[in-house]
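Each ligand, and each atom within it, is numbered from 1 in the order the structure gives.
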Amino acid sequence: MNEYDTNRIYDLVSNINYYKTDIKKEANCVVLNTCHIREKATEKVYDEIGRIKKDFKNVKKPLVVISGCVAQAESNEMIKREPYIDMVIGPQSYHKITDLILNYERKKEKINETEFDVVGKFDVLKDVSNVQNKISSYVTIQEGCDKFCHFCVVPYTRGPEYSRPFEQIINETEKLVSNGAKEIILLGQNVNAYNYENKYKLSSIIKALNKINNLKRIRFTTSHPSDMSNDLIDCYKDCEKLMPLLHLPIQSGSDKILKLMNRKHGYKYYISVIEKLKKARKDIKISSDFIVGYPGETELDFNSTLNLIENIGFINSYSFIFSPRPGTPASTKKLNSKKKNEERLKQLQSVLENFQRNNNKKYLEKNCEVLVENKLDNQEKYFGRTQHMIPVIFEADDCKTGDLVNVKITSFNQKNLFGIFKNNNKVKAA
Ligand code: SAM
Ligand code: SF4
């Protein structure tokens, strides 16, 4: 979502003649768009400011803006601690950035803009063209969270659940597709909680997108297990452009830990969702997020997580050691041993990596459908992704970005597939 927000910030500031530059020292303004989800996020910002200070030592100081969730969480504290910072802007206020920059240019006074104004934000953004021209483009449809998992900072930094108006989402997608996007990834902290005026759900958006000519693939992330409603699951049966990979974080395989985390779903329920998904689409694969070392996690709890992984066989996942986030209920709990946590993370990641490698191995000598995203620099090779989002690097005699092609897989490693494409097996576009 930060990538989406960053692109929107570029779209907005182009209205006051500020443009992206790859030459850092030439910048008049530096924006650090920050994430607060784990570990020392705030300290990383100050480290980065140290680097910026060095870069601009002998040239004019740029306007320094901290945006995103660290700005929201730390607010005025940042300006007090580091006078090099000129402005902090929360994730729900960045639509005001052009006015704020103009104000700063006039008055040279420090600015703190951390109101939750999500409705206002999308009202402004709907009138500013999203000029991304990437083959795979993001569209934010939902923000915030009402679930309050005990470890998570999102409800405090992104605010309560908000769903963007349905028409805005369809318009933005249509524009992106007319700009050349072939894949749309719908975004939300709780994307499947999308509910606009009790009339439109995530399934309504997927069905509408499925009808857009020239759009080839649809994905959405991140989903919460308890919002996997039947109408959404049915989309895997009815919408051929919806890709058969679902990122469905479970965090732990132990019901005791899930309860302590306030996850509002248990192990059995999670398995029942996966079973329904498999009925709807046979080739569906699942990826997930795991937290190890949550306060109170015993060897037995950890083994339940390993068992869950063995049972489901996730093809790609993210795993983290629990990181206490200021202000969350879990942040005051007694931490498990650091060494033990590191051992568990290593063990869990090695099981996950084995699954990933074994899954990749299954593609050897087979053809698989790849959406070509770009040509690699200085090489006659292309980069794309399979339906299950596995990166593929391949040689091709003739193909262009945005094509769906059948690549013959000739080798693999844990993360990537490698192959070759010959033009006589081009896939018919969806
Ligand atoms: N809303 C999604 C869900 O509940 O399934 C997850 C979105 S959260 C922004 C992304 C991931 O960050 C979580 O699934 C979790 O694994 C991880 N995460 C969040 N807070 C964390 C913390 N305090 N320590 C470690 N990992 C954390
Ligand atoms: Fe955070 Fe996801 Fe839980 Fe919401 S549902 S509090 S975003 S982990």
Subject >> Axial cation check for F320 ring with R38, 6.0 Å and 45° limits >> reply: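 The answer is yes, since R38 meets both limits relative to F320.
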
Original post:
Under 6.0 Å from the six-membered ring centre of Y196 and within 45° of its axis: does the NZ or CZ of R164 meet both?
Top reply: no

Tell me whether [X] has any N or O atom under 3.5 angstrom from an N or O of ligand 1.
X: R263; result: yes
X: F151; result: yes
X: Q189; result: yes

Carboxylate-amine/guanidinium contact [X] [Y], below 4.0 Å:
X: K53; Y: D55; answer: no
X: E77; Y: K80; answer: yes
X: E172; Y: K126; answer: no
X: E299; Y: R344; answer: yes
X: E115; Y: K96; answer: no
X: K256; Y: E297; answer: no
X: E369; Y: R217; answer: yes

Original post:
Would one find more than 12 heavy atoms of other residues, nucleotides or ligands at under 6.0 Å from atom NZ of K375?
Top reply: yes

Subject >> Selection from M261, R38, H265 by shortest heavy-atom distance to atom 17 (C) of ligand 1 >> reply: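 Of the listed residues, R38 has the closest heavy atom.
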
Original post:
Nearest to atom 23 (N) of ligand 1 by heavy atom, S288, S252, S323: which?
Top reply: S323

Can you tell me if [X] contacts ligand 1 (heavy atom of the residue under 4.0 Å from the ligand)?
X: K147; answer: no
X: C145; answer: no
X: L248; answer: no

Looking only at protein heavy atoms, which one is nearest to [atom], and what is the separation?
atom: atom 4 (Fe) of ligand 2; result: C145 SG, 2.2 Å
atom: atom 9 (C) of ligand 1; result: I37 CD1, 3.4 Å
atom: atom 27 (C) of ligand 1; result: I291 CD1, 3.7 Å
atom: atom 1 (Fe) of ligand 2; result: C152 SG, 2.3 Å
atom: atom 11 (C) of ligand 1; result: D289 OD2, 3.3 Å
atom: atom 15 (C) of ligand 1; result: Q251 OE1, 3.4 Å

Can you list the ligand 1 atoms lying under 4.0 Å from a non-hydrogen atom of [X]?
X: T222; result: 2 (C), 6 (C)
X: R325; result: 23 (N)
X: V154; result: 9 (C)
X: P249; result: 5 (O), 14 (O)
X: S223; result: 5 (O)
X: H224; result: 4 (O)

Subset of ligand 2 atoms that lie under 4.0 Å from at least one heavy atom of [X]:
X: F151; value: 8 (S)
X: P155; value: 6 (S)
X: N190; value: 4 (Fe), 5 (S)
X: C149; value: 3 (Fe), 5 (S), 6 (S), 8 (S)
X: F148; value: 6 (S)
X: H224; value: 5 (S)

Strictly under 6.0 Å, is that where the ring centroids of [X] and [Y] end up?
X: F148; Y: Y156; answer: yes
X: Y4; Y: Y138; answer: no
X: H247; Y: Y318; answer: yes

Original post:
Any idea how Y236 and F220 line up, ring-wise: parallel (<30°), tilted (30 to 60°), or perpendicular (>60°)?
Top reply: tilted

**OP:** Hey, can you tell me if F314 and Y270 have their rings parallel, tilted or perpendicular (30° and 60° cut-offs)?
**Re:** tilted

**OP:** Answer whether the closest heavy-atom distance between the side chains of L186 and I205 falls below 4.5 Å.
**Re:**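 Yes - at least one pair of side-chain heavy atoms lies under 4.5 Å apart.
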
**OP:** For residues V177 and E174, determine if any side-chain heavy atom of one lies less than 4.5 Å from a side-chain heavy atom of the other.
**Re:**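 V177 does not reach E174 side chain to side chain.
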
Original post:
Just heavy atoms, cut-off under 4.0 Å: does P249 contact ligand 2 by side chain, backbone, both, or neither?
Top reply: neither

Original post:
ligand 2 versus T222, non-hydrogen atoms closer than 4.0 Å: side chain, backbone, both, neither?
Top reply: neither

Original post:
At under 4.0 Å between heavy atoms, which part of V153 makes contact with ligand 1: side chain, backbone, both or neither?
Top reply: neither

Original post:
Does R263 have a non-hydrogen atom less than 4.0 Å from ligand 2?
Top reply: yes

